Engineer: 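Please read through the structure below; I'll follow up with questions.
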Amino acid sequence: MSHSQEEEHHHVHIIGYGSHTLVYAGLLVLTGLTVAAAGIDVGSLNLPIAMLIASMKAGLVLAYFMHVKYEKTYLQALILGSTFFMFVVFCLTFADYLTR
Amino acid sequence: MSSIAEQHTAENQEELFHFDHHHTDYEGAKLGVWLFLFTELVLFGGMFLALFAYGTGEYATDFHAAGKNLNVFKGAGNTLVLLTSSLTMVYAITALQKGSKFWSLVHIAITIILAMTFMVIKYFEWSAKFEHHLFPAKIGFLEAKYGQSDLKRAYSAEFAESGMSLAEFNKVKVDVNGNPMPDGVTAEEAKKYTHHRYTRGQVIFFGMYFTMTGLHGFHVLIGVALLLWMFWGVLRETITAENFGYLENVGLYWHLVDLIWIYLFPLFYLVA
Amino acid sequence: MSYAVNKPYYEDQAVVLADIYETMAEAGKTNKFFNFLAWLHTWVLSTDHKRIGILYLISMLAFFAVGISLGFTIRLELLWPGEQFISATVYNSVFTLHGVIMIFLFVIPGIPAVFGNFFLPIHIGAADVQFPRLNLASWYMFMGGALMAAMSLFVGYGANGVEWVAPDGGWTFYAPYSTTANTNVSMAVFAAFILGFSSIFTGLNFVTTIHRMRHPKQKWMQMPLFVWALYGTAWIQVLATPVIGITLALIIVERAFGIGIFDATLGGDPVLYQHMFWIYSHPAVYVMVIPGMGVVSEIIATFSQRTIFGYTSMVLSMIGIAFVGYFVWAHHMFTSGMSEASVAIFSFLTFFVAVPTAVKVFNWLATLYKGSIQLDPPMIWGLSFVFLFSIGGFTGLALGMVNTDIHVHDTYYVVGHFHYTMFGGGGVAIIAALHYWFPKMFGRMYNFTVAHVGWGFFFVGFNTLYGSMLIVGLQGMPRRYHDYLPQFTDLHQIGTVGAVIMITGLIITFGNLLIALFGGDKAEQNPWGGKTLEWEECPTPPVLINFYKKPRLDHGPYDYEGEWV
């Protein structure tokens with residue numbers, strides 16, 4: 001048998017309409033927040049704040065719309081790990097650009 | 001121990017090795033799609049890397065000034081369109097899982113319509129840019145239609161010498177050879193001077209803008225094709241409440257498209 | 001589908017073929033040509049992982065032969081200073097193509113595409129990979145990319161008075177030359193883009209297969225080290241290759257649309273290209289080498305008839321190499337104009353990658369200790385890997401250290417270094433794997449004496465050629481130079497003589513295998529006494545679905561001394 005894992009065929013986790021709508025509302029709020037925040041100039045904090053809000057939106061989409069909150073641990077670990085990798089590569093590239 | 005050649009006549013037939021063709025591995029397909037999403041993330045990540053490298057360094061003010069050319073309303077509008085399409089996407093999956101083929105089809109259809117709306121808004125945005133002579137320098141047919149691109153030259157030395165602020169510098173009109181419009185010209189003559197001047201950082205900003213939103217738009221179009229395929233599948237009931245893996249996986253792709261826009265929006269439209 | 005359970009996999013499409021022949025006979029078309037086409041289809045349209053592995057093997061060896069010929073052309077041109085028989089432009093294109101072919105069409109697909117495809121499912125007790133059709137698509141993309149690369153050599157030649165169209169800026173395609181040159185850069189770079197996707201899909205397939213299709217009794221820490229090597233490599237393929245994808249796409253966009261991203265006059269930064277290029281291309285060298293390390297682990301354990309020493313540390317070091325390898329890329333860029341701070345950071349990080357590699361070398365040596373060593377051809381090639389790759393690694397230290405690197409950067413020292421690691425490492429591992437698994441794949445055995453002679457020529461020639469490069473590089477000979485100062489002549493000539501000897505060795509080696517393929521003795525079930533699943537439980541050669549009975553898996557992959565490892 002090529003199937004080596006257990007059968008989770010019929011264990012389907014359905015997220016309801018209500019939950020989705022709630023997440024959507026959160027996304028709308030955060031979008032409004034980021035547009036409003038863009039109107040306030042805090043100098044060098046502008047970019048980090050915008051990225052923070054964007055990441056919160058991304059987190060909501062990942063966790064609920066993309067079902068990651070309910071996925072198996074190994075998949076969550078792989079997603080986090082890959083994102084971490086990209087982040088480190090970014091930081092190392094900035095080791096050059098910020099010190100020129 | 002029996003030899004290999006004899007093993008295929010094993011008494012216990014159940015022990016025979018066989019290739020399981022009928023069992024689609026739901027979890028495995030999902031893992032495969034996630035791995036593909038990682039590659040997309042890294043693909044766009046490379047461009048975000050370039051964008052950050054330029055925009056947080058010497059070109060910070062240039063990006064700030066160039067961002068004023070972008071329409072926040074269209075950008076925010078597109079954000080809302082994509083977020084809503086993500087919602088209708090998960091509605092479609094939930095509907096199918098709960099057994100409602102009709103509502104699933106409705107939500108997939110709305111998702112497709114919203115995706116096309118996104119592309120339409122994008123089309124108007126880009127056309128507006130082209131009309132203002134903002135397009136990548138080498139595109140022949142755009143040059144033929146709208147005149148020479150303002151992004152063909154980067155006026156950094158002139159900017160440094162001019163002593164003006166970036167906003168003032170951008171407003172000064174030049175002719176096709178880059179000579180600034182002198183004071184006191186007649187309205188007729190002023191028409192020859194229809195171009196603006198942009199510094200290096202601003203040229204990069206627009207270059208990155210077209211490339212990244214262009215690649216993103218390309219992915220939206222692919223998403224539309226996939227969604228049409230899903231519509232067909234749900235309609236013909238090859239995708240059902242028991243066998244919804246395809247729809248869910250296309251949904252994952254669609255959410256990625258949304259995710260990328262979630263980052264594109266503040267970095268281009270809100271940088272001003 | 002119906003299949004015969006007891007036929008070798010390369011004959012098992014006979015059932016399908018019989019149907020096709022019958023249909024053709026009814027239609028009145030029964031000549032040899034149509035028969036041949038039908039037979040060809042059962043290979044070219046096959047989703048069987050073993051056949052796909054063979055397809056890769058044939059195409060890759062053909063590209064390798066082309067690459068070797070190009071390399072030999074370089075060596076002939078370098079026999080004396082000045083132009084011998086090709087002009088500078090042609091010479092530049094020769095080494096560009098040599099790099100592109102060897103890297104993208106030989107070593108990077110390398111072991112995963114051939115032996116990974118062939119043996120990964122067997123090692124984990126599965127019938128195929130997770131996505132067999134995607135697997136075939138990977139091979140199609142591989143061939144498509146190769147075709148496009150070939151086309152870039154001559155498309156547009158002569159049109160508009162253009163004299164030379166083949167790309168000539170080196171396989172690294174640095175901006176701004178690549179964004180402005182009047183050659184077929186876009187086509188060549190798009191070929192590399194397609195090849196990148198071929199690699200990505202192979203990696204995606206392997207990660208999923210290893211996660212989902214293992215025999216229930218085979219836990220993660222009971223997989224053969226070859227499988228672990230493929231797993232680590234597959235992750236690098238998935239996470240790093242898209243970066244070169246976007247970099248190359250940006251080259252094409254830059255050439256076509258002039259967006260300015262790498263163009264300094266428009267505000268771009270050419271060093272950004274280098275960053276983005278090497279963010280992939282450094283992990284890529286681990287794609288070339290880690291599978292080889294997996295093969296060497298298998299070979300050394302089998303030919304010492306001993307459990308591999310330190311299985312856990314072997315797994316961790318493999319992951320460690322893959323992990324650290326992501327963070328060292330800018331050691332290719334010390335002289336590019338980066339900030340001094342980042343130069344220091346990357347030099348520091350580069351030294352870390354030597355640590356897990358050393359762990360592996362020590363573990364291999366410890367495995368050999370008190371083992372019952374058989375110096376059969378796979379073993380001698382496997383041991384050569386350890387020796388040659390170690391030399392490559394040691395020469396890398398001078399490159400990782402900034403104060404020495406600025407003297408040897410872009411000299412033949414670098415060329416020697418990467419040939420020791422990529423050819424003496426990755427290439428030798430491919431040959432070792434071929435000798436190890438040849439009897440299993442084809443059911444035939446080759447002549448050991450001839451194989452040893454071939455190895456001898458190769459080993460002597462290789463060290464002569466690349467050792468001379470290390471020296472002439474230290475003396476100041478720059479790389480990618482068509483002409484050179486007279487003082488370097490002797491060493492270049494020694495190098496070319498080495499090349500002749502080495503190529504003789506390669507011809508003997510591959511000739512030996514080719515002869516064995518058609519006329520060699522029938523191979524035994526388990527000629528080497530290996531303990532992984534392909535030797536005991538899978539027939540020689542394998543049947544279409546790999547096993548007759550569900551694999552028993554009552555011992556570990558290195559259970560030579562009765563331990564479960």
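Because the structure is predicted, anything quoted here is derived from the model rather than measured. Below, chains carry the letters A, B, ... as their sequence lines are ordered, and counting in each starts from 1. These numbers come from the heavy atoms of this one structure, side chains and all, not from hydrogens, waters or symmetry mates.
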Engineer: Out of C/I279, C/V343, C/V271, C/D269, return the one with the most heavy atom pairs under 4.5 angstrom to chain A.
Structural biologist: C/D269

Engineer: Roughly how far, to the nearest 0.5 Å, is OH of A/Y97 from OG of C/S339?
Structural biologist: 10.0 Å

Engineer: Please report the C-alpha distance between A/L92 and C/L349 in whole Å, then the side-chain angles of each, then the deciding distance to 0.1 Å, and finally whether the side chain to side chain contact (heavy atoms under 4.5 Å, CB included) criterion is met.
Structural biologist: CA-CA 11 Å; A/L92 278 174; C/L349 289 172; 3.8 Å; yes

Engineer: Could you walk me through whether C/Y326 and A/V88 pass the side chain to side chain contact (heavy atoms under 4.5 Å, CB included) check?
Structural biologist: CA-CA 9 Å; C/Y326 274 105; A/V88 177; over 6 Å; no

Engineer: Heavy-atom distance under 4.5 Å to chain C: side chain of A/F94, backbone, both or neither?
Structural biologist: neither

Engineer: Hey, mind stepping through C/W235 and A/S82 against side chain to side chain contact (heavy atoms under 4.5 Å, CB included) and telling me if it holds?
Structural biologist: CA-CA 10 Å; C/W235 270 111; A/S82 306; 4.1 Å; yes

Engineer: Are there over 12 heavy-atom neighbours, none belonging to A/Y70, within less than 6.0 Å of that residue's OH?
Structural biologist: yes

Engineer: Is the CZ atom of A/F90 crowded by more than 12 outside heavy atoms at less than 6.0 Å?
Structural biologist: yes

Engineer: Please indicate whether C/M401 has more than 12 foreign heavy atoms, meaning atoms of other residues, nucleotides or ligands, lying under 6.0 Å from its CE.
Structural biologist: yes

Engineer: Using ring-ring contact (aromatic ring centres under 6.0 Å, His included) as the criterion, list what pairs up with C/F346, not counting sequence neighbours.
Structural biologist: C/W329

Engineer: Heavy-atom count around C/F327 CZ within 6.0 Å, excluding the residue itself: above 12?
Structural biologist: yes

Engineer: Considering non-hydrogen atoms only, spot the tightest contact between C/R212 and A/K72 and give its length.
Structural biologist: NH1-NZ, 4.3 Å

Engineer: Taking every heavy-atom pair that is under 4.5 Å apart, which of A/D96, A/L98, A/T99 has the most such pairs with chain C?
Structural biologist: A/D96

